[in-house]
Amino acid sequence: MSKKKKGDRRTYIGGQAVLEGVMMRGKTAYATAVRDPEGNIQVESRRLKTSKKQKIVSKIPLVRGVVNFVSSLVVGAKILMRSAEVYGDVGEPSKFEKWCEEKLHLNVMSAVSFIATLLGILLAVGLFVFLPMLLADLLVDSGDWLVRYSIGYNLIQGGLRLIIFILYIVAITAMKDIRRVFMYHGAEHKTITCFEKGMPLTPENAKKCSRIHDRCGTTFLFLVMAVSIIVFSVVNWVCDEYLDIFNYGKVVNFLIQFSIKILFLPFVAGLSYEVLKLLAKSQSKILLPIKAPGFALQKLTTREPTDDMLEVAIAAFNRVYDMDEDPSRPETDFTVSKSVKKYTEELKAIFAEKGIDESDAEWLVSLKTGVPRSELAQTDTLIVPSKVRELDEIAGERLTGKPLWYILGTAEFYGYEIKVDGRVLIPRPETELLAENAVKSLEEGDKVLDLCTGSGCVAIAVCKQAAEKKLGVSVTASDISKDALELAEENARENGADIKFIESDLFASVRGKFNLIVSNPPYVKSGELKELQKEVKDHEPALALDGGEDGLDFYRRIAAEAPKHLVKGGTLLLECGAGQAQEIVKLLGKFEYTMIMRDYNDVERFIRAVL
């Protein structure tokens, strides 16, 4: 055995290439790194759950090879499907899938993964066991030069198996995606070799390393083919010479031989695994002739990777290495691309479970993807991972109870973008009707006052609409809250609205008369503040909500003082709470004319009073 070079270090970490990435597996965990559609490296990691029986089996020669082989097939298939999800979700579960999960407690995708693995095994058996046997039998029937079940017969089967394997590799290499997988396979080998040579794990260092590795699965497959020649030769000879079981017709003898090979495949796999482990432990040149064929085949199944592929492999290696070193390190998940439709449905279900209005989910997805709310249920456009992460973060904050519009920082009102935060109320859809009624009341040269302006949304809508119609209207907005006025002024600047702002307790600091006064004052009864939705009572300013014991304190003051600030024939427009309109009309005795208007839900919501 050759001496270990200075700086060399061994590792149990091995891996496999996946779609646009690499999976690395250590003693206690495995990690899959994938470069997502946006070019970012994502890493998903999982702890290996090993039972006591598995630990015992892992120490039994021959048996452990079979167990590891089957485990690698199953895990490998799952990881391949999982890596594919990063590029797009697997689609909406069908009614059949939902029924299987609900009634049979069966995950259909897991079943599909199992079936795919099984089909892969059947294909391998067909190509590398059945087909070589069939071709070898045809050669036997072609003349007297080859004796059935002889050593030459088994050597020819082995040779045919190897040729079929090489042709298979060459054929699939014609596929662009497979070539990239082979490049990631090379990246996996170079990364492991770089670590074992004691070099810092960088793309520059890994690039210098060989893409051939002792523990490669390709070498294992070659050993399986080589070992199978020896094992099947001995088994065929014993069965023919001593057990005399090949004394039936050609078809029956063929099936008996095929069954025997299938029966001994686990033994062949287990023995090949032990040989691979022994060969991997030594770098002696004496063993090179045995390793050489496997190395040669690796030249076919690996390609020179690019630097960005090496970065992915290194990310996977580092993660699994850290998890092996630190048992407390948590698992991580991919952020996968999802269709707009699927993400919206999932988020609506989560919100509904937590008692949050499903419309918030629709607004969130619509505003962040640019897809109209009305089209969310029909849009299969993919949301890329970075946008999914952004949506997840906002949704997570929304689940804490914070209003969506405070999280987003803006709300749309009457077609204008209004900044909102804890200093002001979030504009309600019904208030747009208040603004609409105000705009309809405008005449050229009017002076307008918006009392309790809050975010300034109504004043901005009136000002902008008047400007578009070139009515020469002047708008003044007031609020008792200095903080609210600061935000209202910012909104006016952002929307290009020329508005005069006054800090005032209703009319206290207001001077002059107006043609139109519009207001949405606080109208919640003091005793009902605690009964409001959590989002409102815990986050929106109480100053903008509390309307006194019966909710009408501000309406009494407005009714008493508004006539002094309205020109003759001027209009007062008010928004109020459900069930308050009739009482407010009684307060407006100084006005010549009053009328009540309803909102979208047919609730008496607005009062128009003409002086």
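Every heavy atom of this structure was used, including side-chain atoms; hydrogens, water molecules and symmetry mates were not. The chain is numbered in sequence order, starting from 1.
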> Hey, does Asp479 have a side-chain heavy atom less than 4.5 Å from the side chain of Glu503?
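No, side chains not in contact.
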> Please determine if Lys368 and Glu390 form a salt bridge, counting it only when a charged side-chain N lies under 4.0 Å from a carboxylate O.
yes
> For the pair Lys586 and Glu583, find out whether any cationic side-chain nitrogen is under 4.0 Å from an anionic carboxylate oxygen.
yes
> Under 4.0 Å between a Lys/Arg side-chain N and an Asp/Glu carboxylate O for Glu531 and Lys537?
no
> Taking all heavy atoms of Ile426 and all of Glu540, pick out the closest pair and write down the distance.
N-OE1, 3.0 Å
> Charged N to carboxylate O under 4.0 angstrom, Glu44 versus Arg46?
yes
> Does the distance from a Lys or Arg side-chain N to an Asp or Glu carboxylate O, for Lys419 and Glu490, drop under 4.0 Å?
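Answer for the salt bridge query: yes.
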> Kindly indicate whether the side chain of Tyr416, heavy atoms from C-beta on, has any atom under 4.5 Å from the side chain of Gln465.
yes
> Could you check whether atom CD of Glu549 has more than 12 heavy atoms from other residues, nucleotides or ligands sitting under 6.0 Å from it?
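Counting other residues, nucleotides and ligands, CD of Glu549 stays at 12 neighbours or fewer.
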> Using a strict 4.0 Å threshold on nitrogen-to-oxygen distance, state whether Arg398 and Asp360 make a salt bridge.
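Yes.
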> Between Glu486 and Lys482, is there a salt bridge with N-O shorter than 4.0 Å?
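No, this pair does not count.
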> Pairing donors with acceptors under 3.5 angstrom, does anything connect the side chains of Tyr184 and Glu20?
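Note: Tyr184 and Glu20 side chains meet the donor-acceptor criterion.
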> Please find out if less than 6.0 Å separates the ring center of Phe514 from that of His565.
no
